[in-house]
Trainee: 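Got a structure here, written out as structure tokens. Questions coming.
Each chain gets a letter, A, B and so on, in the order its sequence line appears, and its residues count up from 1.
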Number of protein chains: 2
Amino acid sequence: MHKEHTLTKNQQIIFDLIDKSPEPMKAYAILFSVQKKGIKAPLQVYRALDKLVEIGKIHKIESRNAFIACHNSSCQVSKATAFSICEICEKITEISSASLSKYLANFKDKDGMKYSKYNLEFFGLCKKCR
Amino acid sequence: MHKEHTLTKNQQIIFDLIDKSPEPMKAYAILFSVQKKGIKAPLQVYRALDKLVEIGKIHKIESRNAFIACHNSSCQVSKATAFSICEICEKITEISSASLSKYLANFKDKDGMKYSKYNLEFFGLCKKCR
DNA sequence: TTTAAATTGTTATAATATAACACCATGTAA
DNA sequence: TTACATGGTGTTATATTATAACAATTTAAA
């Protein structure tokens, strides 16, 4: 489970927005949406995003510069992320597969090195777009 | 194997630079380095980078916005990439593991969906930094 | 309660990436 | 040989993503 964190006002506003969004949100789209709530500057958004990522409430989709709420209750979740991305409609889903996360968590490279964290992005066409 | 492509002048200049670099290069570092060869604008760099990525000669490290030459001779390589990233010294290495690529190439999600492409980034500490 | 750590608000700016347009080179089909 | 499609080039301008620096305030722990 996530360690419980009490979110600050800005963090809560931004988390709620991302959590309700049906799709990942970009930083400046977030900024635009929360301006009426008094969050006026990019830095306020980025600081909240950084913290939310750090505590595992949201994830960043690196290839899209977008943020999505974590809907995975596994405890490793902020350090072990996997997503599927549709290259046509840009639908993005967090993958939660026990076998995948087990495989990757135990992966060792040629030098026997293990890693503390990973991010995996799969690309393809979703059901609708196929 | 990669399909053979004859690189254009700009593509060749930029590929050579990345290929010789001991570490991934960022677009504007590339731009700076090639200005004496007549490549003056960001777009010239980005266009060459896009093409080089497309044909699999280089890969983009999404979490770092940086580009690295492909040193993997496997044919799936431009669609199936894995990297290890040291979070201290930022040393980045392309992982070539037959079992990993086999596992991921065959991965199916809950709906039985297979993906045509993936990018995996592992984070940890390299030998030196441990 | 005082002190350290985290968060906030703000302005400015850095870093990354694309739009739009005119032009040029090359291959190929009529 | 012409025409025309495709892809690359050069250019200016601009959009998008992200951080630096600093002062003030809030929060939580000792």
Trainee: Shared ILVMFWY cluster between A:Tyr46 and A:Leu52, side chains joined below 4.5 angstrom?
Mentor: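 Same cluster: A:Tyr46 reaches A:Leu52 through Ile, Leu, Val, Met, Phe, Trp or Tyr contacts under 4.5 Å.
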
Trainee: Name the stems that DNA chain D belongs to, where each is three or more consecutive Watson-Crick or G-U pairs with both distances under 3.5 Å?
Mentor: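 Correct response: C:1-30 with D:1-30.
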
Trainee: Please give, in whole Å, the distance from D:dT27 P to A:Gln12 CD?
Mentor: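 The distance from CD of A:Gln12 to P of D:dT27 comes to 14 Å, rounded to the nearest Å.
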
Trainee: Please confirm whether the backbone N or O of B:Lys9 pairs with a side-chain atom of B:Gln12, one donor and one acceptor, at under 3.5 Å?
Mentor: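 Not confirmed, B:Gln12 side chain does not pair with B:Lys9 backbone.
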
Trainee: Are A:Asn106 and A:Lys114 packed together at the side-chain level, in the sense that at least one heavy-atom pair is separated by less than 4.5 angstrom?
Mentor: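 SC-SC contact between A:Asn106 and A:Lys114 confirmed.
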
Trainee: Without decimals, in angstroms, what is the distance between B:Gln11 CD and C:dT26 P?
Mentor: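 After rounding, the reported distance stands at 14 Å.
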
Trainee: Between atom CD in B:Glu62 and atom P in D:dA18, what is the gap in whole Å?
Mentor: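 Nearest whole value for this atom pair: 12 Å.
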
Trainee: Could you give the OH-to-P distance, from A:Tyr46 to C:dT16, as a whole number of Å?
Mentor: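 Rounded to the whole Å, the gap is 13 Å.
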
Trainee: Take atom CG of B:Leu43 and atom P of D:dA13, then tell me their distance rounded to the nearest Å.
Mentor: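 Distance, rounded to whole Å: 14 Å.
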
Trainee: Yes or no on side chain to side chain contact (heavy atoms under 4.5 Å, CB included) for B:Ile61 and B:Phe83, after CA distance, side-chain angles and deciding distance?
Mentor: CA-CA 8 Å; B:Ile61 314 295; B:Phe83 304 96; 3.6 Å; yes

Trainee: Going by atom types alone, do B:His59 and B:Glu94 pair a side-chain donor with an acceptor below 3.5 Å?
Mentor: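 Short answer, yes.
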
Trainee: Are A:Tyr115 and B:Phe123 close enough that their ring centres sit under 6.0 Å apart?
Mentor: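 So the answer is no for these two rings.
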
Trainee: Compare side-chain N and O positions of A:Gln44 against OP1 and OP2 of C:dT10 and report whether any pair is under 4.0 Å apart.
Mentor: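 It does not, given that no N or O in the side chain of A:Gln44 lies less than 4.0 Å from OP1 or OP2 of C:dT10.
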
Trainee: Given the side-chain rings of A:Phe122 and B:Phe107, with only the six-membered ring counted for Trp, is the space between their centroids under 6.0 Å?
Mentor: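 Centroid distance A:Phe122-B:Phe107: below 6.0 Å, so yes.
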
Trainee: Are OP1 or OP2 of C:dT8 and a side-chain N or O of A:Thr8 less than 4.0 angstrom apart?
Mentor: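 Yes, because at least one side-chain N or O of A:Thr8 sits under 4.0 Å from OP1 or OP2 of C:dT8.
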
Trainee: Tell me which nucleotide among D:dT9, C:dT7, D:dA20 gets nearest to the side chain of B:Asn10.
Mentor: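 Of the candidates, D:dT9 comes closest.
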
Trainee: Figure out the CG/P separation between B:Leu7 and D:dG7, and round it to whole Å.
Mentor: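 Taking atom P of D:dG7 as the reference, CG of B:Leu7 is at 16 Å.
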
Trainee: Begin with the C-alpha distance, continue with both residues' side-chain angles, and end with the deciding distance and a verdict on salt bridge (charged side-chain N to carboxylate O under 4.0 Å, His left out) for A:Arg64 and A:Glu90.
Mentor: CA-CA 9 Å; A:Arg64 298 300 187 258; A:Glu90 288 292 319; 2.7 Å; yes

Trainee: Any N or O donor-acceptor pair under 3.5 Å from the base of D:dG7 to the side chain of B:Arg47?
Mentor: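 Donor-acceptor pair under 3.5 Å: no.
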
Trainee: Can you find a heavy atom in the side chain of A:Ser33 that is under 4.5 Å from one in the side chain of A:Met25?
Mentor: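 In contact.
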
Trainee: Please give, in whole Å, the distance from C:dT18 C1' to B:Asp50 CG?
Mentor: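 So the two atoms are 10 Å apart, to the nearest Å.
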
Trainee: Can you see if the side chain of B:Asn65 gets near the phosphate of C:dA17 - specifically, an N or O under 4.0 Å from OP1 or OP2?
Mentor: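 B:Asn65 to C:dA17 OP1/OP2: side-chain N or O found under 4.0 Å.
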
Trainee: Compare side-chain N and O positions of B:Lys9 against OP1 and OP2 of D:dG7 and report whether any pair is under 4.0 Å apart.
Mentor: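 No, B:Lys9 has no side-chain N/O under 4.0 Å of OP1/OP2 on D:dG7.
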
Trainee: List in numerical order all residues of residues 25-41 of chain B for which some heavy atom is under 4.0 Å away from an atom belonging to DNA chain D.
Mentor: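 Here the set is B:Lys40, B:Ala41.
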
Trainee: Could you state the atom-to-atom distance from CZ of B:Arg64 to C1' of C:dA15 in whole Å?
Mentor: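 After rounding, the reported distance stands at 16 Å.
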
